[in-house]
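Worksheet: the structure to be examined is printed underneath.
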Amino acid sequence: MDPITVIRSRTVVMPSTNIDTDQIIPARFLTTTVREGLGVSLFADWRYDQAGQPKPDFVLNQPAARGCQVLVAGRNIGCGSSREHAPWALLDFGIRVVISTEIADIFRNNSLKNGLLPVVVDEATHEWLLANPGVEVEVDLPASTLRLTDGREVTFPIESFSRYCLMNGIDELGYLLQQMDAIERYERTREGA
Amino acid sequence: MTAQSLFEKVWQRHVVVPETDDTPAILYIDLHLTHEVTSPQAFDVLRARKLPVRRLDRTLATMDHSTPTDTAQIFGGLPIKLESAARQVRQLEVNCAEFGVNLIGLQDSRRGIVHIIGPEQGATQPGKTIVCGDSHTSTHGAFGALAFGIGTTEVGYVLATQCLLQRKPKTLEIVVNGRLPAGVSAKDVVLAVIGKIGVNGGTGHVIEFRGSAIAAMSMDERMTVCNMSIEAGARAGMIAPDATTYEYLKGRPFAPQGTDWDKAVADWNTLSSDAGAAFDKSAAFDASTLEPMITFGTNPGMVTTISGNVPERPGDAVFAKSLAYMGLTAGERMAEKPVQVVFIGSCTNARLSDLEAAATILRGRKVARGVRALIVPGSQQIKLEAEQRGLAKVFTDAGAEWRESGCSMCLGMNGDLVDAGQYCVSTSNRNFEGRQGIGARTLLASPASAAAAAVRGRVTDPREFLG
Ligand code: SF4
């Protein structure tokens with residue numbers, strides 16, 4: 001996992017509410033046994049026509065989307081299935097930050113575990129971002145702050161432990177393994193072994 | 001001591017290390033269910049870090065999502081047609097063999113949808129923490145377990161440590177009092193709840209369903225309700241265990257036996273929420289006013305009564321886009337809408353009582369011309385029982401297809417698909433765009449409503465078949 005500190009990027013905007021993980025990556029791509037290579041299937045049913053050709057009017061197919069690392073989405077993105085393939089596909093495509101007013105629980109959790117930063121903002125900031133697609137933003141993880149071109153600085157909530165892991169590019173498994181004594185003690189007490 | 005809710009009691013029992021401002025709690029997991037789709041990358045992590053599966057006795061694997069429902073591909077020696085699915089099934093076999101995980105394999109008579117066989121085998125029990133790399137793990141909460149879906153990275157954590165890092169969620173109490181009218185099912189209850197609180201109404205919360213209507217439900221019905229908690233965005237859904245729970249569990253293979261059983265029941269009896277337990281949020285429903293429900297849009301919150309109309313929301317572009325996908329217009333009546341496919345199955349509604357509800361309507365009748373009806377039992381045990389009780393014959397006599405168990409048409413990854421533009425009345429849980437196949441239009445409803453639609457070839461109020 002690549003450490004995250006400050007990400008500066010233009011935004012790509014998908015204003016739909018309740019974008020579920022079946023849209024982010026449809027089920028037929030879940031028969032993979034690896035994490036890599038899912039970027040081409042990201043939003044497949046919205047992105048390609050029946051012949052498999054990119055639809056020119058879909059936002060991610062437009063030249064302006066190229067290189068964008070920040071996705072601004074409508075309320076409640078990531079609802080539905082727990083498939084971690086959703087953040088894998090977004091990351092493989094090049095997205096590193098997802099901004100919305102609400103982000104569904106399991107998707108947010110999965111994103112944090114993979115170095116995809118979920119940023120929840122207030123309605124006013126969100127509306128401004130929706131109204132200004134392609135604007136350059138700065139996402140400052142150490143300061144938990146989103147900086148907009150109009151000079152606004154908006155702090156966003158993030159669990160301090162997750163922030164620590166993201167900033168250092170480490171996963172939580174190492175931390176859990178260090179707690180093995182406590183885990184074993186717990187098991188002994190409960191199982192009476 | 002302060003009054004505690006069911007959730008708080010189960011949570012507290014499983015805290016290995018309490019949460020602090022800086023670190024989440026370490027939560028112990030009693031039962032880890034795993035399947036072929038969300039586990040391969042987790043086993044790879046164990047391999048890369050040279051870690052074993054820490055508690056094989058708490059880990060149970062099966063295959064259900066990408067497995068075909070065609071008998072020839074399961075038992076007839078034919079290979080699994082979808083090559084990538086075959087590879088995924090094979091990979092789970094390899095991983096379970098290598099790590100020693102107990103696998104309910106492709107031809108095992110106990111196989112089925114993971115959320116159906118956990119309870120069926122008695123592995124799902126009150127007071128347990130249960131996880132699976134699958135959002136509908138919420139189903140198991142019907143037994144008073146704290147059960148929730150996790151991603152693949154966390155599947156790896158649980159395999160390696162039997163623990164997860166968790167912040168304590170909030171609680172939402174949903175009280176359903178009163179008696180359900182005839183022809184109104186548990187599926188209608190949960191669809192009505194989601195319609196009211198919305199697909200994000202439960203975000204960050206664990207729901208406890210309570211009230212006289214919930215207490216009167218069978219375990220099958222309670223599982224239907226808890227199954228769809230995730231469709232309201234909730235982390236989990238729970239129902240306090242009671243005599244109905246114990247009667248269901250007693251004697252099942254993984255359930256405690258003999259004196260252990262009595263001890264377990266005594267303990268489980270202490271789990272119910274104390275009088276006066278506080279919840280962060282609360283909502284109430286009157287069961288006696290509920291009606292059969294059906295969805296009209298592309299998320300489960302877009303739902304109306306089966307006798308109702310598609311609502312009108314002028315100026316809402318997202319709503320309009322959803323209706324355009326569905327080929328429906330605002331204000332249109334749902335009843336009488338022609339349908340091409342009926343799917344009775346999934347972890348929401350493929351248990352024996354669901355099949356019985358469908359058979360009551362299909363018995364002696366025919367599936368309408370031009371309609372494809374696919375009936376897929378939730379497990380091989382249910383399949384066997386449905387065959388012994390003559391239900392399977394009712395279905396095949398009516399002209400429906402009767403299959404081997406699995407997720408089937410609930411999601412388009414195993415070969416069972418709805419074609420683009422077709423309407424499918426489905427007893428599953430998600431009507432997302434493309435969920436049942438590219439361009440498929442899903443109408444979520446109860447097994448009775450699905451069977452009624454199969455007979456008439458149109459969206460039909462199942463109460464027309466009552467009496
Ligand atoms: S039946 Fe559907 S919802 Fe249930 S586990 Fe299978 S795919 Fe998921």
Side-chain angles (χ1 to χ4, degrees), chain A residues 15-18 20-23 26-36 44-46 50 74-76 79-88 102-114 159-162 164 171-177 179-180 182-187 190, chain B residues 13 16-17 21-24 26 28 37-38 40-41 44-45 49 51 65-66 82 84-85 87-88 91 133-135 137 148-154 156-157 160-165 167 169 199-200 203-204 230-231 233 235 299 301 317-318 321 411-413 420 430 432-435 438-439:
Chain A
S16 287
T17 52
N18 304 317
D20 57 77
T21 53
D22 273 78
Q23 305 318 313
R28 62 185 182 281
F29 302 108
L30 305 190
T31 52
T32 179
T33 53
V34 296
R35 293 168 191 250
E36 296 77 23
D45 290 348
W46 291 355
Q50 276 162 354
R75 175 175 47 79
N76 196 31
C79 56
S81 155
S82 64
R83 60 190 69 171
E84 201 160 313
H85 309 68
W88 293 340
E102 269 177 52
I103 301 180
D105 284 336
I106 303 179
F107 174 74
R108 183 174 41 76
N109 223 347
N110 285 341
S111 296
L112 287 168
K113 305 260 184 308
N114 287 278
E159 160 77 34
S160 55
F161 184 74
S162 299
Y164 172 80
D171 69 13
E172 297 169 0
L173 182 53
Y175 174 81
L176 276 171
L177 288 167
Q179 307 293 319
M180 206 42 87
I183 296 170
E184 281 172 1
R185 217 176 308 124
Y186 174 87
E187 284 176 331
R190 244 183 105 225
Chain B
R13 287 178 174 202
V16 175
V17 178
D21 285 348
D22 291 332
T23 49
I26 295 182
Y28 195 78
V37 180
T38 54
Q41 299 87 349
D44 283 345
V45 168
R49 296 170 84 137
L51 293 165
H65 283 64
S66 57
L82 276 176
S84 55
R87 219 176 313 130
Q88 204 168 50
Q91 190 60 47
D134 194 286
S135 58
T137 308
F148 54 94
I150 56 176
T152 298
T153 299
E154 290 185 319
Y157 296 174
T161 68
Q162 207 58 38
C163 288
L164 281 175
L165 288 162
R167 283 284 173 196
V199 290
N200 54 352
T203 304
I230 179 68
E231 259 44 81
R235 304 253 29 213
N299 72 54
V318 175
K321 181 169 162 271
L411 91 173
M413 69 175 296
R430 284 184 178 144
F432 298 152
E433 282 182 36
R435 171 86 177 178
I438 300 170

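Reminder, nothing fancy here: chain letters follow the sequence lines and each chain counts from 1.
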Contact origin within [X] toward chain B - heavy atom pairs under 4.5 Å:
{"X": "A:Gln23", "value": "side chain"}
{"X": "A:Thr32", "value": "both"}
{"X": "A:Tyr175", "value": "side chain"}
{"X": "A:Leu173", "value": "both"}
{"X": "A:Phe161", "value": "both"}
{"X": "A:Arg75", "value": "side chain"}

Under the 3.5 angstrom rule, does the side chain of [X] hit a backbone N or O of [Y] as a donor-acceptor pair?
{"X": "A:Arg83", "Y": "B:Thr38", "answer": "no"}
{"X": "A:Glu159", "Y": "B:Thr23", "answer": "no"}
{"X": "B:Thr203", "Y": "A:Ile103", "answer": "no"}
{"X": "A:Asp105", "Y": "B:Gly204", "answer": "yes"}

Nearest atoms (heavy-atom pairs only) where [X] meets [Y]:
{"X": "A:Tyr186", "Y": "B:Arg13", "answer": "OH-O, 2.5 Å"}
{"X": "B:Val318", "Y": "A:Ser16", "answer": "CG2-CA, 4.0 Å"}
{"X": "B:Gln88", "Y": "A:Leu30", "answer": "NE2-O, 2.7 Å"}
{"X": "A:Ser82", "Y": "B:Ser135", "answer": "OG-N, 3.3 Å"}

I want to check something: taking the side chain as every heavy atom from C-beta on, are [X] and [Y] in contact at a cut-off of under 4.5 Å?
{"X": "A:Glu187", "Y": "B:Tyr28", "answer": "yes"}
{"X": "A:Arg35", "Y": "B:Val45", "answer": "yes"}
{"X": "B:Glu433", "Y": "A:Asp22", "answer": "no"}
{"X": "A:Arg28", "Y": "B:Leu411", "answer": "no"}
{"X": "B:Leu164", "Y": "A:Leu176", "answer": "no"}
{"X": "B:Pro24", "Y": "A:Glu172", "answer": "no"}

Heavy-atom cut-off 4.5 Å, strictly under: side chain, backbone, both or neither for [X] against chain A?
{"X": "B:Leu82", "result": "neither"}
{"X": "B:Asp22", "result": "both"}
{"X": "B:Thr161", "result": "both"}
{"X": "B:Asn299", "result": "side chain"}

Given B:Val17 and A:Gln179, is the side-chain contact (heavy atoms from CB on, under 4.5 Å) satisfied, shown in steps? CA-CA 9 Å; B:Val17 178; A:Gln179 307 293 319; 4.3 Å; yes

Looking at [atom1] of [X] and [atom2] of [Y], how far apart are the two atoms once the value is rounded to the nearest 0.5 Å?
{"X": "B:Glu231", "Y": "A:Cys79", "atom1": "CD", "atom2": "SG", "value": "8.5 Å"}
{"X": "B:Arg87", "Y": "A:Thr33", "atom1": "CZ", "atom2": "OG1", "value": "6.5 Å"}
{"X": "A:Ile183", "Y": "B:Gln162", "atom1": "CD1", "atom2": "CD", "value": "9.0 Å"}

If only side-chain N and O atoms count, and only distance matters, is there a donor-acceptor pair under 3.5 Å linking [Y] with [X]?
{"X": "B:Thr153", "Y": "A:Glu84", "result": "yes"}
{"X": "A:Trp88", "Y": "B:Gln41", "result": "no"}
{"X": "A:Thr31", "Y": "B:Ser84", "result": "yes"}

For the interface with chain A, which of B:Glu154, B:Gln91, B:Lys321 has the highest count of heavy-atom pairs at distances below 4.5 Å? B:Glu154

Worked check of side-chain contact (heavy atoms from CB on, under 4.5 Å) between A:Asn76 and B:Val199: CA-CA 8 Å; A:Asn76 196 31; B:Val199 290; 3.8 Å; yes

Between A:Asp45 and B:Arg435, does the salt bridge (charged side-chain N to carboxylate O under 4.0 Å, His left out) criterion hold? Intermediate values first, please. CA-CA 10 Å; A:Asp45 290 348; B:Arg435 171 86 177 178; over 6 Å; no

